Each structure stands twice: as C-alpha cells, then as structure tokens.
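Both backbone and side-chain heavy atoms feed into the values below; hydrogens, waters and symmetry mates do not. Each chain gets a letter, A, B and so on, in the order its sequence line appears, and its residues count up from 1. This is a predicted model, so every value here is computed, not measured.
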Amino acid sequence: MVASILPLHLTGLEVHRRGKRLLGPVSMTLKGDGTTVIIGPNGSGKTTFLRALHGLERCTHDAAKWQADEETVRARQAFVFQSPIMMRRSVQDCIAYPLILAGQGKTNARAAAAEWAERVGLSAALTRPAHVLSGGEKQKLALARALIRQPELLFLDEPCANLDGRSTREIEVILADARQSGTRVVMSTHDMGQARRLADDVIFLYGGLIHEAGPKDAFFSAPKTPETRAFLNGDLLP
Amino acid sequence: MVASILPLHLTGLEVHRRGKRLLGPVSMTLKGDGTTVIIGPNGSGKTTFLRALHGLERCTHDAAKWQADEETVRARQAFVFQSPIMMRRSVQDCIAYPLILAGQGKTNARAAAAEWAERVGLSAALTRPAHVLSGGEKQKLALARALIRQPELLFLDEPCANLDGRSTREIEVILADARQSGTRVVMSTHDMGQARRLADDVIFLYGGLIHEAGPKDAFFSAPKTPETRAFLNGDLLP
Amino acid sequence: EMKMAVTTSFANSGLADVLLPQIQADTGLEVQLLIVGTGQALRLGAAGDVDAVLVHARAAEDKFIAEGNATHRREIMYNDFVIIGPAGDPAGAGKATSADEALVAIADAKAPFVSRGDDSGTHKKELSLWASAGVEPTGDWYRAVGAGMGAALNTASGMNGYIMSDRASWLKFGNKGDLALLFAGDPVLFNQYAYMPVNPAKHAHVNNDAAMALEGWLVSDTAKALIDGYTIAGEKLFTFNATAN
Amino acid sequence: MNDILLGLAEAARLIVSFDPELIEITLRSLQVSVGAMVIASAIGLPFGAWLAINRFRMRRVVIALLNALMGLPPVVVGLIVYILLSRSGPFGVLGLLFTPTAMVIAQVIIITPLIASIAHQAIRELWADYHDLLISLNTTKSQRIRALLWDGRRALLTASLAGFGRAIGEVGAIMIVGGNIDHATRVLTTAIALETGKGEFALALALGFVLIALAIAVNFAMHALSRTERSGRW
Amino acid sequence: MNDILLGLAEAARLIVSFDPELIEITLRSLQVSVGAMVIASAIGLPFGAWLAINRFRMRRVVIALLNALMGLPPVVVGLIVYILLSRSGPFGVLGLLFTPTAMVIAQVIIITPLIASIAHQAIRELWADYHDLLISLNTTKSQRIRALLWDGRRALLTASLAGFGRAIGEVGAIMIVGGNIDHATRVLTTAIALETGKGEFALALALGFVLIALAIAVNFAMHALSRTERSGRW
Ligand SMILES: Nc1ncnc2c1ncn2[C@@H]1O[C@H](COP(=O)(O)OP(=O)(O)OP(=O)(O)O)[C@@H](O)[C@H]1O
Ligand SMILES: Nc1ncnc2c1ncn2[C@@H]1O[C@H](COP(=O)(O)OP(=O)(O)OP(=O)(O)O)[C@@H](O)[C@H]1O
Ligand SMILES: [Mg+2]
Ligand SMILES: [Mg+2]
C-alpha cells in the first residue's frame, strides 16, 4: 500500500429512506489508525452508518471525502455484514472468491483460503457448502473472506454476535493483530466488554446521530450525557 | 390447554447429513415445566438439536415420543430462528400472520400484533416492510411472532444475539413471564450470564452429543468434566 | 348460418368476398368459411363439423361420396392452372405448346421447381401432369415444400423457381418478385370445383336445409353472373359450368 | 425491406383510421389470450407452487415432464382439441368447435405448462426462504401455497405474462380449432397467416405490428398495475 | 378419438421401425432447436443478468418491452426474416433463405426474449441476495454477471428449457423461412402442419407424439446432466 485512503472527512452525512432520516447529519473525521467501536441501541443506525461509510447506502452527495480516487478507495476496504451473505459455493471457494476476483490463480487462492479457514477455525468445514454452516461458522467465514485481501480499512458489523466465548476471544486476537499491522478497524458491537477490549475510540449512536464520541478510556470512565450513562447501565434511555 | 404435550422422551435421536452425524445419539426426557438452556461451542449442534426437537430436521425415526398426536404437538410449539425469517410483508402483518393462520379475523389479529409489537419494543416500526428492520429489530419481531399464539413449548435459538443490553433484559423478563404462565422454554445462547439468569436446567452440547446436563446451580457451580470447565472458562476445549 | 370448408386456393382467389355478401342478401344465409387444405376439408366434412365442402380433387371427392359422407356432388365452376417461373425463363418453358412439353423443358434444364407437396388438389394435379409428361420428378431441383398455394408461391419467389399454380392464387399473389406467368391454356390444366353437402343421414345435426339452399344459389343465374364476371387485373378467373338438374 | 416500411405505414393507417375490422379481430385476440392467461394462471400458478413445496418420489420426473410440456407443439394440441370437440368426438354435443371458447381451451393447454414451470422456478426460491418458518407455524399445504403465491406475486407476473405472450402470438392451434372464420373466430395471428398465404406481406406485417403494439400495451398495463399495488421494494 | 389411438399406434410403429425419414426430420428438428437454444441462451442469459444488476432510468420500460417481446408472433418474425434474407433483401447475397440456418435465426429471435425474461426474473432474486457482498467486494459488472450466472445456473436451466420448448414446438416462422422443403428444411412441426392440411390426422398426431417424446428426452437429459454436476442442494 502506497498512500493511504484515510483520513476520511464526513460533512453532514445523511441517509434517508422512505421519507425518513435514518442517519445524520454526521460530521466527523476518521483518522488513519486504530480501532473505532460503534455502540448504540437496536435501530440506532449502527449498520446504516457502517454501510454508508463503505458506500453501500445512497446518502448525501459529496458528504464523504477520501484521500484517493474512488476505485482505490473501494478496492482497499472490506466489510463483514451483520447477517453474513453466503454464496452458493463451498466454504473454501467462498473464502477464495475475493482473491480470484483480484486475478489470482485458482490454486493459489484456494491454498490461501485454506490457511485463513484454519486461522478462524473452519478447517474442518472447508468442503461444506457455505449455506449449511452454523450461525457462528458463517460469521467466521465472512471474517476470513474479508481479511484475505488484507484490506486497509475493515468494517465489521457485530462480528461476534453468534460466536461462543472461545471463538470471540480468538477473533479479538485476530482483529488486534490486524490493527497492529496497520489495518484500520471500524466495528459495531453490543458487547461492552468487547468494546472496552478492542476500542481506541468509541462512538455512541443514538437515534441516528452521534450522541457522544471519544477515546475509549474517557468514554467509559466518564460518559458525558445521561443517555450514554443510561445505555452503558442497560437502563431505559430517556 | 387441556392435556400437555410434554414430557417428551428421546431415545437415540440422531441427525445425519451428507453421510456425517451432526447430532446424537441423544436420549433424554424433556419434562413439563421450567426453562432449559442449551450451551456449547459453535458448530456443536445446538441449532440442529433445537430444530430436531421441533420436527424440522430429518432424524432417526420414532426417536421422539410426545404425549399427544402429531397435529396437537405441532400446533402447540413455536420457534425463534437464529437468523430470523422475514416474510415480504409489513411488520404488523408478519406478527399477525400466525393468528390469521389460526383463523382469527384480520382486524383482531392486527390489533393483537400491535400489542405484541409494543411489548417487544417495535411499535415505531409497525408499518415498515419487515426486511428493512435492523438485525436486533428482526429478532424482536421473530419473538413477538412466536409468542403471539401463546405456545405451550417455545424454542429460541440465540434470541438475544443481536440485541442491545436493555432489550436483552426486557426480553428476558418476557421469557421469565412466559415461563411463569406455564410456557416450557428451550433455548440456546452463548451468553453465560443469560444462561444463569434464565435456566432451570442446562444442557452442554459438544460435538453433537450431550456432554453434561443438569440443574443450573449444580451445573455452573460444579461442572463435572474438564471440557465443561474449559468451555465455561472460554478456554480451548481439550 | 352454416359452415363450409373450402380450399386455400378458392379463398385466396377473393371470389368468396364477392359471393358471400350476395348470398346473405339473397338467401339470408350467413356462410362461414373454413379455409383449409383439401384433405383437411374432406375430414371436416366427414366428421360432420361443417355443413358442406367446396373442393377440387375428383378422386378424393368420389371416395367421399362413396363413403356416404355427402349426399351428392355438384359441379359448380372451373378455373385453370398456370405455370409460373422466373421472368427470364432459363428452361424455356414459355415456348412450349403443351403442358407436358413445358414440364419436360423444366425437368431437362433441372431448373428449380417448387411443388406443393401437400396432397392437395393442386398437388395431385401436378403429379398427374408429370406422369403424363413421362417425367419422374426427383432430384435436387424438385422441391416439395409441403405448404399451401400462397406459401409455395412465396417459396418459389424466394428461390426464383418454377411452380404450377391456380390462376386465381397467382393473380392475387402479392409477392411476385421476379416471377412471371409463362404457360397457360392447355385444357388439361382445367380445374373443376365441386360442391358437396354433408350427409344429414350420417350427421343429424348438420344444417342440411342451409346447405341445400346454398347449393340452389350456387347454381343460380345470379351466381353465374358473379362468377363469370369476377376478374382480377382484367383477367377472368372462373368459368361457371353448373348444370341445372 | 420495402415491405417492412409498407407494413409500418399500413399499420399506422389502420390504427389511425380505427379500421372496424381491425378493431374486431384485435379485441377478439385480446379476449381469447387474456381468457387463456387467466384460466391457465389459475391452474398453473397454484400447481407450480404445489410442486415447489411437495417432496415426493416422482417429483423430478414431474418437473422434467412439465418442462417438456412447454414444448407441446401447438398444431398437435390443436389437432387433439379438434378431435375431442369435433361433432364425432366425445365432446361434440357441446358444439364448441370453431368458437372462441375452443380457442381458449387450446391455448390454456399450451400455456399452462409454461406458466406452471416458470412459477415453480420462482416459488422454489421463495420456498427455500420461507420453508422453516411455514413448517414451524404448522401451516396446511393450502396455507403455504397461498402465502407463497401472495408474497411471490411480482415474480409470478413474469410467468403469467410469458403465458400471455405465447397465447397472443400463437397461431397453429387456434387455426385448427377456431377455423379462422371471418367475424367469428378470426384473430390477429390467423389473419396474419391468411394474408401471408396470399402474399400480402405488407398487410400481414401491419397486422403483426398491431399485435406487437397490443402485447406491449398489455405488458405496460400489467406492470403499471403491479407497481401501484406494491408498497415496498418486493 | 380413434385418430388419437391410431396416432399413438403409428408413432410406435414409426419409432420401432426406425423410419429413415422420421429419423431425418427428427434430427433436423433437434439440430435447429438446440442450435437456437444455445445461441439464444448465450445472448439471453447474460442480458437477463445484466438487466437484473443495472439500475437505469428506462429499466422498467426495457423490462416491459422484453416481456412484450415474448409475445412476438412467430409468423411475423418469419416474415421479417424472410424479407431480410430473400434475394431482394439486404442479406440476400448470403443465400440463407430456405436453409436450416435461416430457421435457427428466426427461432433465436423468437426465443431470446423468453429466455432473457425468465433469466432476469431468476437472477433478480439471486442478485437481491448477493447485492451487498458483490458491491462490497468491488466487483466489475462482468464479474457480477459471471458470478450470478454461475451460482444461479440451476434456475437458468428452466429459462433455457423454456426456450427449447418454444423452439421445438414452433412452426409459423420456420415454415416461412425454411419453406418446409422435403429433405432440406422439413422438421417435425412443419411435417405435422403438412399432414394436418392433408387431413392425415393420425400421421400428424404420430409425429406430434414423437416430438413430445423428443422434448421429454431432451428435458430428462438436461436435468440429469445438471444433477450430476451439482454438489449441494442448490
Ligand atoms: N428502508 C427503510 N425504511 C424505514 N426504516 C428503515 C429502513 N431501513 C432501515 N430502517 C430503520 O432504520 C433504523 C436503523 O437501522 P440499523 O440497521 O442501522 O440499526 P442498527 O443500529 O444496526 O441496529 P441493530 O443493533 O439492531 O443491528 C432501524 O430502526 C430500521 O428499522
Ligand atoms: N448439510 C450439512 N452437511 C454437513 N455439515 C453440516 C450440514 N448442516 C450442518 N452441518 C454442520 O453441523 C454442525 C452443527 O451445526 P449447528 O448449526 O447445529 O451448530 P450450532 O451449535 O447451532 O452452532 P452456532 O453456535 O454457531 O450456531 C456445524 O458444524 C455445521 O457446519
Ligand atoms: Mg445492525
Ligand atoms: Mg446455531
């Protein structure tokens, strides 16, 4: 990777659907390194926000400014969806697919896929059709598929929601490693423990707006608003 | 409800797919009341087990013995799937659908649906098409749809995986209420806290087999095998 | 109201469009035409699905009567067949003095010849002409297309080949391309049309009264005037030859 | 080439002048084809759905047969219907031969397999989605079929429209059972065949263009209707 | 009724006796229809996929037009192809008129809209599944089309088979451009039309039954092939 695609500047980003504003206006800057964790209640717009950043949602024109042309920006990102999308192929072919798209030979790609399957704990399932996997296995597959092209910017939408404790810890290690080797991670989670473990910065979304944001330590030890406090306590939001 | 469909006796229940045994042999009795929580690592067969109990998996013939004829048994159960299945209808119509099936009038059914939507926290989303809901909202919808017919036996497959802390607590209250009013709950979860809060009995599945099972207190305070201990600690299973 | 099965060549001639309104005016009969191949027309009659047939295939007609499908056969009129071919006439069929000679010329030149090949009255006639000319029509040049008169003419036009057609179809035919009428007039080329009412003894439901009324009209002087007077491009197509009996 | 232009001009003239005969055969075409589409959809759509949700031993065979029946040659269907409806056939007493009803019957036979086959294809995907839910809700077969047909209605539109398309353009069968009788059973396609036989290509093409315009109009109408009715992106 | 039984008997006799003429026209039917199906699939399947993944202003119009084109009357297609290929037409020099090639051309025109339309329908559902993933993976349009065609191949089989069915049963167009010339362009359907015109209903039916048997055989063969190849339940 030569020049980075980050930082990303957002000015007044909004997402509308069926005459309703789902998100925004959001103005912020996504800096070049670290891990940002997005938290917030169900329906607060976490998924919408991540998708908008990734360019999957129709949103305010020109609200996002990257440091490279669109093609480069698109090629250097990866996304792990909240409900993983399985292609009608074997696990190995699913994981290898991004490499095949990038022009790698089939043999190479499949070898790399086997390696990544091993890392996320799917080696036993390599030849299964992807759609028969269990919920947790699907999330692992999606993660391997996202990591295999070593993206500069990685979005994860509740990547550990269906994982057991052990797998969650393993995935957290993988994510920490990726962050170490320069991957910018932006993820959402409902697990406050996970947020504390992984985050450098935290964004608290509420009603489609950034309600509060800041470095992890300050955010968790001294939340500024009553809403944030209530959310962290698991209370009814005011 | 007149006579109960429970207890359910299982003798040597097995599920095979593509020449592989995914589950079993399982022999056990599901008694008439309380909440059973199934735990186990990803791919251990929790989903398969729940689905087999509900009659969704092709499995060993005659392995399950209920206390009523098949039609009654089927009519008195409900299932909340790990990845909720949304019909191509509005949220209200989705929740009302089981009542419509049962022959209730459309107006009645929709009123009841609105009430249940309120209870799970979906009132604001009543008129949205179900498939635009957020991950957590979909789980809430699935729960309301399962509860609306007041089943005698309720299966839930990781029902709170995508829920925020607050919603998780609310759903737990609803489930505890249902248990109180006589609904038999069988659910899987990766959240050990939740298991402790809700369970009367715990089943630990490992490699498709019931590795250990017992009343909650004994199970958590004194796990019998090293595998169970390792799982509860989040360690690599031996 | 009655139904009559007629052959394609009769319908294509356009004479029906002249006759039907007059029939309706004179007799009050609404005659519905089913335009089909000769063989199919006779089958419709035999099954009792129509009240009468108007065809031109003597042998098949006699068989039809013999099987009791019609009460009788009534000759109404005749037209004639003509030989059509490329305007340049590479085979020289136009210089022939008889139909036999014309066909022999075409066969000798191995010029493409399109045959109806569908067992229709026209096709049977053509085969009988080849027989009397002493030629066995086989080989690459002889194309049996298995289609109605119009379609066969199309094919001939597309291939720029020779074909035998009834005069009416030829005159009515719109897609002449390079084709021209090369030979006509030999009496063997005459083509008799006959009317046969379906036997009510065999099919009780047929509208025999209407069929008889129509026959009466077809042999009348009004019909004679209309048939003899029908022309296309100044050419007379049909000759009325019904005999009063 | 010239014929094509002449045909277009003639088509325009016929339409602009509201040619009464054209209007008559056009309406009859529409009536027969829409009638056939409605009846065939009423049979084919539920059958396609039924086939999608049932697992039985001969299922693959039935599906392959259904697909094969899409290839039913119209002329053969026409013949068989003719033989059945003919005065000397088993249903002769009904007197249906050479009526628009007979044409509808023949077309229903031709397009039902097509509609059922496409419907089966579309419903199969939806059923894969809904399978677990509908089984879990303890639905009866007919409830399942109803839910699938209703929720899959937009995809099923293609099935019905394909059937309509095949019906409106069809000529082989309705020629035999309808007889192409002027003012009784003549429709656009049989008129086209007749004019083609006469070598009147321009007129035949003109009628053909009218027919195509009609098919387009019907398709736009159906799409517009289905769009008005839909609330989401389904 | 009798004719139908006679037809069945005659069909059996023809098949058992390996009637050389029957074999000839059957093979030609197969050759023309399979050729048309292959070419039309090569055009229609990618076009259907292309239409499913692209959002452009006239999209709904194009879809409605495509559906309408399923109703192209074969006779009109035949006429237009005839005019284009005839000696005096623009492609006359190729000398294609009254050859099997001309028949394939006409059939391709007739069945491509059908195949494209059904393919579009099937691919649209798959695209709804794959949309986010394929966009996220930054695929090019052609990569998307390839992925959808490959992963949706079982559903696309129905599209191709529907096209084959329409082609093998079609008679109006190939009669005009092929000319039904004995030993050159006669196929099963044109032979059936011919025998029907002759009033040889039993023979026509016999050929029809042979045609249906052929269609069934092809469908079973395609299903068997697609089953061997598939590994999962897709
Ligand atoms: N097309 C739409 N029309 C109306 N509302 C929509 C539409 N799409 C999404 N929404 C609503 O927007 C809200 C934000 O959804 P989003 O998926 O971003 O939430 P989330 O924060 O990811 O929630 P969760 O934690 O449950 O995944 C939800 O309430 C959802 O119902
Ligand atoms: N048709 C199949 N062929 C082969 N393996 C299968 C098939 N269906 C399921 N499996 C495997 O069976 C195992 C059990 O799956 P199951 O969904 O029951 O797991 P689970 O305990 O629910 O896991 P999770 O916690 O991830 O949801 C998984 O490893 C899965 O890959
Ligand atoms: Mg979300
Ligand atoms: Mg599971």
Side-chain angles (χ1 to χ4, degrees), chain C residues 1-9 11-14 16-17 20-21 24 30-37 40-41 43-51 69 147-158 165 168-177 179 198 202-207 232, chain D residues 1-4 6-7 10 21 75 78-100 102-103 171-187 189-207:
Chain C
E1 182 174 313
M2 67 169 285
K3 293 188 173 70
M4 175 166 70
V6 299
T7 59
T8 355
S9 44
N12 282 353
S13 71
D17 300 338
L20 292 186
Q24 173 122 38
E30 186 196 334
V31 179
Q32 299 187 330
L33 292 188
L34 286 126
I35 303 152
V36 290
Q40 199 176 350
R43 288 295 299 260
L44 291 179
D49 292 321
V50 291
D51 304 307
N69 292 316
M149 198 64 249
L153 279 164
N154 270 337
T155 309
S157 161
S165 163
S169 297
W170 163 247
L171 287 174
K172 268 280 183 176
F173 184 61
N175 178 39
K176 291 197 167 60
L179 298 182
V198 172
K202 193 168 171 193
H203 298 289
H205 60 269
V206 298
N207 194 347
I232 296 175
Chain D
M1 281 317 277
N2 206 17
D3 276 312
I4 298 181
L6 280 177
E10 176 70 8
E21 212 160 333
V75 180
L79 262 184
I80 293 177
V81 173
Y82 165 80
I83 291 171
L84 295 178
L85 294 186
S86 148
R87 279 294 172 177
S88 34
F91 303 107
V93 284
L94 302 177
L96 291 177
L97 197 63
F98 307 135
T99 64
M103 297 156 82
V171 62
I174 57 176
M175 184 71 109
I176 296 177
V177 301
N180 191 19
I181 300 172
D182 207 5
H183 300 302
T185 56
R186 182 160 301 162
V187 294
T189 49
T190 55
I192 293 169
L194 184 67
E195 297 304 332
T196 305
K198 290 189 197 163
E200 299 280 3
F201 289 175
L203 183 52
L205 280 173
L207 293 173

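Nearest heavy-atom pair across D:T196 and C:N154 is O-ND2, 3.5 Å. Of all non-hydrogen atoms in D:S86 and C:D49, the two that sit nearest each other are OG-OD2, 2.9 Å.
If you measure heavy-atom distances from C:L44 to chain D, the contacts under 4.5 Å come from both the backbone and the side chain. Both the backbone and the side chain of C:A47 have a heavy atom closer than 4.5 Å to some heavy atom of chain D. When heavy atoms are compared at a cutoff of 4.5 Å, C:K176 does not approach chain D at all. With a 4.5 Å cut-off on non-hydrogen atoms, C:L34 touches chain D through its backbone and its side chain both.
Contact check for C:Q32 versus D:F98: no side-chain heavy atoms found under the 4.5 Å cut-off.
Scored by the salt bridge (Lys or Arg N to Asp or Glu O under 4.0 Å) test, D:R186 finds D:D182 as partners (sequence neighbours excluded). With sequence neighbours left out, the ring-ring contact (aromatic ring centres under 6.0 Å, His included) criterion links C:H205 to C:H203.
Rounding to the nearest 0.5 Å gives a distance of 9.0 Å between CD of C:E30 and CD1 of D:I181.
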